[in-house]
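So you know, we letter chains A, B, ... as the sequences are listed, proteins then strands, and number each from 1.
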Amino acid sequence: MLIKSRKFSDLKDVFPRKFSSLTTLCPSSSPITKSPFPPSRDDVAAIADLIEKQHWSKLKLLHVKDINNPNELFHQLISSNLDPELCLRYYTWLIANIRNTSLSLELTFNLLHSLANAKKYSKIRSFLDGFVKKRSDHPIHSIFHAISLCDNLCVNSILADMLVLAYANNLRLESALEAFKRAGYYGYKLSALSCKPLMVALLNEKRFADVEFVYKEMIRRRIQPNVFTFNVVINSFCKKGKMEKAKDVMEDMKVYGTSPNVVSYNTLIDGYCKLGGVGKMYKADAVLKEMVESKVSPNLTTFNILIDGFWKDGSYSGSMKVFREMLEQDVKPNVVTYNSLINGLCSVGKVSEATCMRDEMVSAGVEPNLITYNSLINGFCKNGMMKEALDMFASLKGRGIVPTAKTYNMLIDAYCKSGKVEDGFGLKEEMEREGIVANVETYNCLIGGLCRNGNIEGAKKLFDQLSGKGLPDLVTYHILMDGYCSREETRKAAMLLKEGISKMGLKPRHLTYNILMEGYCKEGNLKGAANVRIQMEKERRLRMNVASYNVLLQGYSQKGKMEDANRLLNEMLEKGLIPNRITYEIVKAEMVDKGFVPDIEGHLFNVSTKS
DNA sequence: CTAGGGTTAG
């Protein structure tokens, strides 16, 4: 049916005479024209027959000896009545088995078109997945051109849709986005089914603006989003901290005939919990109320989000209240619930209560996991309970849980902070014996430990061993620079910035310069500090932040240069920078003069001229 | 499609 199009005479230069050797290859298969070219349909049919019977070796021989333009043959096959699925099989075989075969994009999409006409969608999906996995492929515009060669808008839309999906699934975001855009230019209608994975992939890369773009485009192109799509967009806004926009999307949902489900509400609640700032839990609570009013029941995740949220907000009572509430509602806590509670307790130093909570979870039949142990180990480490930390570490291993580099790093850091750097190195060797690779954090802990012990030479030696592995990161530099500065060797620290950081391709940040400024200030070299400031502003175009000002203020006030300090303070206020508690501690008198007063919690208020 | 631990420097 599909044939007609092509004149067989076209094949003349494609299949030279020896094509007739086909006869000898498959004598059994029915009449193959021995006559010279043009070859009849029967020739194509014979090949189709070979494909159908999967006589690959015969086909191989044919290809080696007789067929020098597979594109043309393939075109004939597709245009024949041959089942598109067989065409596909032949295609894959051809690519895999015949050297240097590359079929044109046009043919490739010709094949996909016929697969689409036959509704073999899953075949197309997996084909495109493989197509996209190969790095060296065609520019998107050529692909769309190939798609557009068929004028069935519906089929083309399906192909474009699946292409976007394939790119998104393979995390080729640039290509996915471009395909998404081009589909718009061509007027192909995509589906929410492929837009969602695209947005999820973008969100995972924190490309919030792109998620928003895709969402807006979906609306503009009238691609009906579903609850899942909406939820991804809500999540994207939440992760970016744009809560108002997230709420707008909740409203959009209603306009488009869907209503927010438990995930939508959970996402929004979590957004508020992670927002930071005062009153965020109040807002999270408001969403909870709204959710209940809309007859959406909170689930385990809702409670877990709130428990963790209250903890991070410093509200032990709020957290426990939610915990009790969930028990009352007969929602069974899971490992996540207990981990949040344990971690919360550990973070405020209530380590023994955390241990009790662990026992409670065990008796509730919930198995502690690596996260549980890491929280507890970290809690012990940070509270100077090395023995307990090591005991916990042993029981973790005893239960067959595999520690990670981070587990080791917490312990190593604790050793280093307590001056037992040697023990830290011992643990590092242990982790390596167990096949866990010491990472940059491991080394940073050790280097920091050596510096604190005054062994800067050892630190530098270890540092030098890293550069071969491309390991030192900005933090490593900061630690080592700090080490030099505390030995009043700020110049050496400055050398590290000058000769190391940029050569490693690292970008110095405020902290990098602040460390140097602080170093010079401590040495009483205010001029040096001022020069660092100039360097920072010039080379990196970093503007002084509150921390930078604090460093300089400290320097000036220690030297008794209160006039200069006052000048600096005015300068920072003029820039609209808000002094913090540290600022207040350094230049208290000057701050009081300017009307600043701390409240009970230490937050600063300006009681004089507040505009 | 939503929830938990994580680390060195601040």
Side-chain angles (χ1 to χ4, degrees), chain A residues 192 196-197 199-200 203-204 225-236 238-239 246 260-271 273-274 291 298-309 311-312 322 333-344 346-347 354 361 366 368-379 381-382 403-414 416-417 424 439-449 451-452 471-483 485 509-512 514-515 518 545-548 550-551 580 582:
Chain A
K196 193 206 67 181
M199 291 197 287
V200 169
L203 175 56
N204 286 335
N226 55 29
V227 195
F228 302 104
T229 340
F230 280 120
N231 286 348
V232 177
V233 181
I234 292 172
N235 194 14
S236 176
C238 285
K239 292 272 144 64
N261 64 6
V262 63
V263 175
S264 326
Y265 284 110
N266 287 348
T267 308
L268 203 60
I269 293 174
D270 192 52
C273 287
K274 304 241 154 62
M291 161 179 196
N299 61 9
L300 177 59
T301 304
T302 322
F303 288 114
N304 285 345
I305 290 169
L306 286 167
I307 287 174
D308 196 60
W311 257 125
K312 302 260 159 79
V322 177
N334 67 356
V335 64
V336 177
T337 324
Y338 284 109
N339 286 347
S340 292
L341 291 168
I342 289 173
N343 191 49
C346 285
S347 65
M361 90 188 264
V366 180
N369 62 10
L370 177 66
I371 298 177
T372 323
Y373 281 101
N374 277 351
S375 300
L376 286 164
I377 291 172
N378 194 36
C381 284
K382 293 279 149 68
T404 62
K406 275 156 191 171
T407 317
Y408 275 101
N409 288 346
M410 294 185 293
L411 290 162
I412 291 174
D413 188 53
C416 289
K417 291 236 165 84
N439 56 23
V440 69
E441 288 86 5
T442 318
Y443 287 103
N444 288 347
C445 293
L446 291 167
I447 290 172
C451 287
R452 271 188 296 271
L471 266 189
D473 62 1
L474 198 57
V475 179
T476 324
Y477 276 99
H478 289 167
I479 294 168
L480 196 60
M481 286 168 71
D482 229 18
C485 289
R509 308 184 356 171
H510 276 106
L511 182 57
T512 322
N514 290 350
I515 291 171
E518 192 177 345
N545 62 14
V546 178
S548 324
N550 285 348
V551 169
N580 57 21
I582 300 170

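Rounded to an integer number of Å, the gap from A:I305 CD1 to B:dA3 P is 7 Å. B:dG4 atom C1' lies 16 Å from atom CD1 of A:I377, rounded to whole Å. With rounding to whole Å, A:N409 atom CG is found 14 Å from B:dG5 atom C1'. Here B:dA3 presents its P atom at 12 Å from CG of A:N299, a figure rounded to the nearest Å. Going from atom CH2 of A:W311 over to atom P of B:dG4 covers 16 Å, rounded to whole Å. Look at CZ on A:R509: it is 14 Å from P on B:dT8, rounded to the nearest Å. Regarding A:N580, its CG atom lies at a distance of 15 Å from the P atom of B:dG10, rounded to whole Å. Computed from coordinates, the A:E518 CD to B:dA9 P distance equals 14 Å when rounded to whole Å.
Residue-to-nucleotide contacts include a donor-acceptor pair under 3.5 Å from the side chain of A:N334 to the base of B:dA3.
Listed nucleotides: B:dG4, B:dA3, B:dC1. Nearest to the side chain of A:V335: B:dG4. With distances taken from any side-chain atom of A:S375 to the nucleotides B:dC1, B:dG4, B:dG5, the minimum falls on B:dG5. Listed candidates were B:dT8, B:dG4, B:dT2. Nearest to the side chain of A:T267 is B:dT2. Here the nucleotide nearest the side chain of A:N343, chosen from B:dG5, B:dG10, B:dA3, is B:dG5. Relative to the side chain of A:N235, the nucleotides B:dT2, B:dG10, B:dG4 differ in distance, and B:dT2 lies closest. The A:K417 side chain lies nearest to B:dA9 when the options are B:dA3, B:dA9, B:dG5. Distance from the side chain of A:N231 is smallest to B:dC1 among B:dA9, B:dC1, B:dA3. In the set B:dT7, B:dT2, B:dG10, B:dT7 carries the atom at the smallest distance from any side-chain atom of A:D413.
Within the 4.0 angstrom heavy-atom criterion, base atoms lie near A:L511. A:T301 comes within 4.0 angstrom of a nucleotide base, judged by non-hydrogen atoms across all strands. Among the heavy atoms of the strands, none lies under 4.0 Å from A:M481. Within 4.0 Å (heavy atoms only), A:L370 reaches at least one base atom of the nucleic acid. Residue A:N369 is in base contact, counting any heavy-atom pair closer than 4.0 Å across all strands shown.
Under a 3.5 Å cut-off, the side chain of A:N343 and the backbone N or O of A:N339 do not form any donor-acceptor pair. Here the side chain of A:T267 pairs a donor or acceptor atom with the backbone of A:V263 at under 3.5 angstrom.
A 6.0 Å sphere centred on CG of A:L474 holds more than 12 heavy atoms belonging to other residues, nucleotides or ligands.
Applying the 4.0 Å criterion to OP1 and OP2 of B:dA3, one finds that A:K239 has a side-chain N or O inside that range. Checking the phosphate oxygens (OP1, OP2) of B:dT7, a side-chain nitrogen or oxygen of A:K382 falls inside 4.0 Å. Contact check, A:N378 against B:dT7: a side-chain N or O comes under 4.0 Å of OP1 or OP2. Look at A:K274 and you won't find any side-chain N or O under 4.0 angstrom from OP1 or OP2 of B:dT2.
Under 3.5 Å, the side chains of A:N439 and A:T442 contain a donor-acceptor pair of N or O atoms. Side-chain atoms of A:N304 and A:T301 form no donor-acceptor pair, as typed in the model, at a separation below 3.5 Å.
Taking all atoms of both residues into account, the shortest heavy-atom contact from A:L300 to A:P333 is CD1-CA, 4.2 Å.
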